[in-house]
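Okay, structure first, notes after.
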Amino acid sequence: MNIMLLYGTETGNAEMLAEDIMSELEGDHEVECRNLSDFSPDEFDAGRLHMIICSSYGDGELPASAQPFAEALKTAAPNLKGIHFGIFGLGDREYEETFGFGSGTLAELLIAHGAVQIGERITHDASGSDMAEDVAFPWASQIVTLAEEKIGEVA
């Protein structure tokens, strides 16, 4: 499977996790990893699975590197029909009201423009005892399995 891993980060945690997921998947799949700040909505490719890793900050704001991408989704209004994505959030349950808002915001924007979410949006709790990789690796494997069916049906 051809996979584009995209990350939105403030301090680098989503980037490190995306790179770890890429290392985990690249033996069996063609995987590229990019910062959302360097990716525009018109670069989506219906033949690829897009996996997005995004942090939440402050009162649930998107991280700095994801803000231009989100703004482009809002203003350019791209047609993302045929685009499939999985999304994984990084957050902290100590901010219960806004836990995981960053990844949730991106998921809502993508769906509003016609993209199809594959699998559940999972958010790792930084204040919990699990390492992000312990949650993200099984999530990524499940998303790839589900996407192989979905993207194969569309292609």
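Remark: N13 pairs with T9, S55, Y57 by the side chain to side chain donor-acceptor pair (under 3.5 Å) rule, at least two apart or across chains. With sequence neighbours excluded, no residue satisfies side chain to side chain donor-acceptor pair (under 3.5 Å) with E10. For S37, the side chain to side chain donor-acceptor pair (under 3.5 Å) partners are N35, not counting sequence neighbours.
The two residues P63 and C54 have their closest heavy-atom pair at CD-SG, 3.7 Å. Taking every heavy atom of both residues into account, F69 and F39 meet most closely at CD1-O, 3.5 Å. Between A18 and I53 the shortest heavy-atom distance is CB-CG1, 4.1 Å.
Residue E133 holds its CD atom at 8.5 Å from CE of M16, rounded to the nearest 0.5 Å. A distance of 6.0 Å separates CD1 of I3 from CE of M51, quoted to the nearest 0.5 Å.
Using a 4.5 Å heavy-atom threshold, the side chains of E43 and M4 count as separate. The side-chain heavy atoms of N79 and H113, taken from C-beta on, include no pair separated by under 4.5 Å. Looking at heavy atoms from C-beta onward, L5 lies in side-chain contact with V31 at the 4.5 angstrom threshold. Counting heavy atoms from C-beta outward, F137 and Q142 have side chains that stay 4.5 Å or more apart.
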